[in-house]
Amino acid sequence: MILYLDTTGFEVALKLFDNQGKLCAELFWASAYNQSEELLEKIDGLLREKAVNQKSLDAIVVNPGPGSFTGVRIGVTTANFLAYGLNIPVLGLNLTEAGTIGTNSLESILAEKFWRQPVLPTYGQPPRITTGRTRFGP
């Protein structure tokens, strides 16, 4: 089984695919910037609903962005954390653009050259770092 996470926008998507890339289950919810509080609970709920043990996951796919700065970081960090803990591959793939895993079967995901590397977020633009507006001190 392959778990897909997309936390790049206001609506969060979780999808569960079998090893041939066929969609088995999906869950969408509007997260008012509460992904950090809801994501693990929703993943657990989806896996329980479909009677899938975490240890039977073969890979995790995550949308690396671009999207909401905080949402992208939460999704990518969660995917990397779960993949590392379960000792399975993690792959960054935007299914919004690619459609579905479809022809990318588990074998092709496992064949990715750098699948043991963590997925890095893609923000779509350079970071904009600003200084605080309030001055402290004299």
Side-chain angles (χ1 to χ4, degrees):
M1 299 296 281
I2 302 167
L3 176 65
Y4 174 75
L5 315 171
D6 186 346
T7 59
T8 59
F10 184 75
E11 183 175 75
V12 177
L14 297 178
K15 298 183 181 189
L16 202 53
F17 295 90
D18 68 13
N19 293 350
Q20 284 71 47
K22 180 183 172 197
L23 181 64
C24 299
E26 57 187 354
L27 175 64
F28 299 95
W29 76 96
S31 179
Y33 307 107
N34 292 318
Q35 294 100 329
S36 63
E37 298 172 14
E38 302 168 344
L39 187 57
L40 289 174
E41 183 179 308
K42 297 284 188 177
I43 291 170
D44 187 53
L46 180 66
L47 294 177
R48 285 178 189 263
E49 178 184 320
K50 295 300 174 185
V52 174
N53 187 314
Q54 287 180 359
K55 295 184 191 256
S56 66
L57 290 176
D58 298 300
I60 296 178
V61 178
V62 62
N63 183 348
S68 158
F69 180 77
T70 301
V72 168
R73 290 185 306 155
I74 290 167
V76 168
T77 300
T78 300
N80 286 323
F81 163 75
L82 288 173
Y84 179 80
L86 295 169
N87 195 29
I88 57 176
V90 60
L91 179 69
L93 178 66
N94 184 342
L95 290 188
T96 304
E97 296 171 1
T100 65
I101 289 181
T103 57
N104 292 335
S105 65
L106 178 62
E107 291 78 24
S108 64
I109 290 173
L110 294 175
E112 286 292 321
K113 187 174 180 182
F114 299 108
W115 70 264
R116 288 215 177 258
Q117 297 295 318
V119 172
L120 299 176
T122 304
Y123 299 116
Q125 62 186 15
R128 188 184 71 151
I129 301 170
T130 61
T131 58
R133 295 179 189 205
T134 305
R135 290 190 66 129
F136 295 101

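As the structure is a prediction and not an experimental result, all values here were calculated from the model.
- For the atom pair CG (D18) and CG (D58), the distance works out to 10.0 Å, reported to the nearest 0.5 Å.
- For the atom pair I88 CD1 and L3 CG, the distance stands at 8.0 Å (nearest 0.5 Å).
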Step by step, would you call C24 with M1 a side chain to side chain contact (heavy atoms under 4.5 Å, CB included)?
-> CA-CA 9 Å; C24 299; M1 299 296 281; 4.1 Å; yes
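- Residues forming a side-chain contact (heavy atoms from CB on, under 4.5 Å) with L47 (at least two apart in sequence, or on another chain): L16, I43, V52, Q54, L57.
- Interatomic distance, W29 CH2 to N34 CG, rounded to the nearest 0.5 Å: 11.0 Å.
- Rounding to the nearest 0.5 Å gives a distance of 10.5 Å between CG of L27 and NZ of K50.
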Distance-only check: which donor-acceptor pairs under 3.5 Å involve side-chain atoms of residues 74-85, not counting sequence neighbours?
residue: T77; atom: OG1; partner: R73; partner atom: O; Å: 2.7
residue: T78; atom: OG1; partner: I74; partner atom: O; Å: 2.8
residue: N80; atom: OD1; partner: V119; partner atom: N; Å: 2.9
residue: N80; atom: ND2; partner: V76; partner atom: O; Å: 3.1
residue: N80; atom: ND2; partner: V119; partner atom: O; Å: 3.0

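- With hydrogens and angles ignored, the 3.5 Å screen pairs no side-chain donor or acceptor of D6 with any backbone N or O of V12.
- Rounded to the nearest 0.5 angstrom, L5 CG and L14 CG are separated by 6.0 Å.
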Check the pair K15, F28 against side chain to side chain contact (heavy atoms under 4.5 Å, CB included), reporting the backbone distance first and the verdict last.
-> CA-CA 9 Å; K15 298 183 181 189; F28 299 95; 4.0 Å; yes
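- E38 and S31 form a side-chain donor-acceptor contact under 3.5 Å, judged by distance and modelled atom types alone.
- Without hydrogens or angle criteria, T7 side chain to G71 main chain gives a donor-acceptor distance under 3.5 Å.
- With Y4 as the fixed residue, the side chain to side chain contact (heavy atoms under 4.5 Å, CB included) test singles out one of V62, V61, L91: V61.
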